[in-house]
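Written below as structure tokens is the structure these notes are about.
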Amino acid sequence: MMPFPENSTIDVSDTLARDLLRAAESLPKYDNREFYSTELQASVLDHVRAATPDGFDELIRKIHDRIAQPPYCALIRGLGFDPGNKVFVAVNRAFGELVARPYEKPRAQLVHYIQPSTDIMSSRGGHESERLHTDTADWEPPVELISMVCVRADPAGGGRSRILDVDSIRSEVHEQLGSATLQQLESEMVPWQLATYWGGGVQWRTILTTSSVCWRRYTIDAALDSTGAKLSDEMLRSLERFENVISTTPRTLDFLMREGELLFSDNRRTIHARTPIAAGPASDRLMIRSWIRTTD
Ligand SMILES: O=C(O)CCC(=O)C(=O)O
Ligand SMILES: [Fe+2]
């Protein structure tokens, strides 16, 4: 596997980090629930940005540039984060509206707290987050952008981040499975079970396009179960082989996020996972994530 590419990382100066943190800390404390308001998100953005508009805008522009190029993600080092998540919300809101499933503690909040104790087990073994996937594959359309900050890494070095981009996926599928399978995955639609809080139902879409990927086997299986819809044996075989290719390719990025590092990834052009955490709920690993609906 490959390390995170150095040219997709961004280092923030101490001065910029300090100015943004100070501006965020001068705001009142907001409850996580209040951040569902996109107006509040925008006012936090305006306030934090106002501390140093040029520095802030340059940082956002750099992140934008990195996400637009393969491997469609960016790792930002050196930012300082407040416990009330206002720096996090401000930086994220510069890209669009922060969105989440309806409020429900402990897992569903506008700013998501990802901890081993609330991980979802996979019926196929391990945890769902350990398989490469698209986030919100059960939304139509799935969110465009994911942002995640590491508050505490797993002390034992588990929970390494993995990212695989669509260009690498397409090349691997082409090389390992051939052009007919690549074409099949671009043209044959599969059903996706939509979340009950969006009214349920099923959306049909392809796994690949020339510039995007959507993958979460669990969501496809749920749709097949709920509708009784059938895919051809050939397509089912292609899905197995696809999963095998993506889970074994050496093109996957593999890296450990450290405290204070912020990762942005394009949820349409990458799939991601994390490695297992041996101590399970006993690990105090904490990641904070948000989903961003962009307008581009
Ligand atoms: O824990 C992580 O690093 C990522 C988890 C994840 O991908 C998810 O919960 O969707
Ligand atoms: Fe995820």
Nearest 0.5 Å please: distance from the [atom1] atom of [X] over to the [atom2] atom of [Y].
{"X": "Thr219", "Y": "Gln203", "atom1": "OG1", "atom2": "CD", "value": "13.0 Å"}
{"X": "Asn267", "Y": "Cys214", "atom1": "CG", "atom2": "SG", "value": "8.0 Å"}
{"X": "Leu145", "Y": "Asp266", "atom1": "CG", "atom2": "CG", "value": "6.5 Å"}
{"X": "Arg269", "Y": "Ile163", "atom1": "CZ", "atom2": "CD1", "value": "14.5 Å"}

Polar side chain donor-acceptor pair, [X] to [Y], under 3.5 angstrom:
{"X": "Gln184", "Y": "Thr181", "answer": "no"}
{"X": "Asn32", "Y": "Gln109", "answer": "yes"}
{"X": "Ser168", "Y": "Asp165", "answer": "yes"}
{"X": "Ser129", "Y": "His272", "answer": "no"}

Under 6.0 Å from the [atom1] atom of [X], do we count more than 12 heavy atoms belonging to anything else shown?
{"X": "Glu34", "atom1": "CD", "result": "yes"}
{"X": "Tyr218", "atom1": "OH", "result": "no"}
{"X": "Arg258", "atom1": "CZ", "result": "no"}
{"X": "Gln69", "atom1": "CD", "result": "yes"}
{"X": "Asp233", "atom1": "CG", "result": "no"}
{"X": "Asp31", "atom1": "CG", "result": "yes"}
{"X": "Glu186", "atom1": "CD", "result": "yes"}

Arg289 and side-chain contact (heavy atoms from CB on, under 4.5 Å): which single residue from Asp135, Val149, Leu263 fits?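 The option that passes is Asp135.
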
With heavy-atom distances below 4.5 Å as the criterion, would you say the side chains of [X] and [Y] are in contact?
{"X": "Tyr30", "Y": "Val44", "answer": "yes"}
{"X": "Phe242", "Y": "Ile169", "answer": "yes"}
{"X": "Phe56", "Y": "Val91", "answer": "yes"}
{"X": "Ile246", "Y": "Ile271", "answer": "yes"}

With Asp57 via salt bridge (Lys or Arg N to Asp or Glu O under 4.0 Å) - residues at least two apart: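 By the salt bridge (Lys or Arg N to Asp or Glu O under 4.0 Å) rule, Asp57 matches Arg49.
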
### Message
Show, in sequence, the C-alpha distance, side-chain angles and deciding distance for Glu144 and Arg293, and conclude whether the salt bridge (Lys or Arg N to Asp or Glu O under 4.0 Å) test is met.
### Response
CA-CA 6 Å; Glu144 290 80 14; Arg293 190 53 89 203; 3.2 Å; yes

Taking [Y]'s backbone N and O only, do any of them form a donor-acceptor pair with [X]'s side chain (distance below 3.5 Å, no angle check)?
{"X": "Ser283", "Y": "Ala279", "value": "no"}
{"X": "Tyr113", "Y": "Met287", "value": "no"}
{"X": "Lys86", "Y": "Leu27", "value": "yes"}
{"X": "Thr209", "Y": "Ser211", "value": "yes"}
{"X": "Gln41", "Y": "Phe35", "value": "yes"}
{"X": "His127", "Y": "Ser122", "value": "no"}
{"X": "Asn85", "Y": "Phe88", "value": "no"}
{"X": "Asp154", "Y": "Ile277", "value": "no"}
{"X": "Thr249", "Y": "Val245", "value": "no"}
{"X": "Thr136", "Y": "Val143", "value": "yes"}

Of the non-hydrogen atoms in [X] and [Y], which two are nearest, and what is the gap between them?
{"X": "Arg131", "Y": "His133", "answer": "O-ND1, 2.7 Å"}
{"X": "Ser147", "Y": "Asn92", "answer": "OG-OD1, 2.8 Å"}
{"X": "Arg216", "Y": "Ala137", "answer": "CB-CB, 3.9 Å"}
{"X": "Gly157", "Y": "Arg160", "answer": "O-CG, 3.6 Å"}
{"X": "Leu185", "Y": "Ser238", "answer": "CD2-CB, 4.5 Å"}
{"X": "Ala74", "Y": "Arg66", "answer": "CB-CB, 3.7 Å"}

Verify same cluster id: [X], [Y] (apolar side-chain graph, 4.5 Å):
{"X": "Leu79", "Y": "Leu256", "value": "no"}
{"X": "Leu20", "Y": "Val12", "value": "yes"}
{"X": "Ile146", "Y": "Ile76", "value": "no"}
{"X": "Met189", "Y": "Leu182", "value": "yes"}
{"X": "Leu194", "Y": "Leu231", "value": "no"}

### Message
Trp291: which residues meet the ring pair (Phe, Tyr, Trp, His ring centres under 6.0 Å) condition with it, sequence neighbours left out?
### Response
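Result, ring pair (Phe, Tyr, Trp, His ring centres under 6.0 Å) vs Trp291: His112, Trp139.
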
Residues which pass ring pair (Phe, Tyr, Trp, His ring centres under 6.0 Å) with His64, listed by chain and number, not counting sequence neighbours: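 Only Phe95 meet the ring pair (Phe, Tyr, Trp, His ring centres under 6.0 Å) criterion with His64.
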
Going through the checks in order, is the salt bridge (Lys or Arg N to Asp or Glu O under 4.0 Å) test met by Asp254 and Arg162?
CA-CA 5 Å; Asp254 170 274; Arg162 300 238 161 118; 2.7 Å; yes

(Q) Can you confirm if the NZ or CZ of Arg205 lies within 45° of the ring axis of Trp192 and under 6.0 Å from the centre of its six-membered ring? (A)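 Judged by the rule (NZ or CZ under 6.0 Å from the ring centre, within 45° of its axis), Arg205 counts as positioned above Trp192.
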
Worksheet item: Can the positive tip of Arg101 be found less than 6.0 Å from the middle of the six-membered ring of Tyr197, inside 45° of the ring normal?
Response: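 Here Arg101 fails the 6.0 Å and 45° test against Tyr197.
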
[X] bridged to [Y] by N-O distance under 4.0 Å:
{"X": "Arg170", "Y": "Glu175", "value": "no"}
{"X": "Glu261", "Y": "Arg77", "value": "yes"}
{"X": "Glu240", "Y": "Arg217", "value": "yes"}

Pair Glu39, Arg93 - check salt bridge (Lys or Arg N to Asp or Glu O under 4.0 Å), show working.
CA-CA 10 Å; Glu39 291 78 23; Arg93 186 65 176 84; over 6 Å; no

* To do: Determine, step by step, whether Leu253 and Cys73 satisfy the side-chain contact (heavy atoms from CB on, under 4.5 Å) criterion, reporting the C-alpha distance in whole Å, the side-chain angles of both residues, the deciding distance to 0.1 Å, and the verdict.
  => CA-CA 11 Å; Leu253 305 181; Cys73 48; 4.2 Å; yes

Run the numbers on Ser232 and Glu188 for side-chain contact (heavy atoms from CB on, under 4.5 Å), then give the verdict. CA-CA 10 Å; Ser232 65; Glu188 215 169 303; 3.7 Å; yes

*asked:* Evaluate Gln115 against Arg285 for side-chain contact (heavy atoms from CB on, under 4.5 Å), listing each step before the verdict.
replied: CA-CA 6 Å; Gln115 293 167 286; Arg285 178 180 191 263; over 6 Å; no

| said: Run Leu164 and Arg251 through side-chain contact (heavy atoms from CB on, under 4.5 Å) and show every step you take. | reply: CA-CA 7 Å; Leu164 182 59; Arg251 298 190 210 219; 4.2 Å; yes

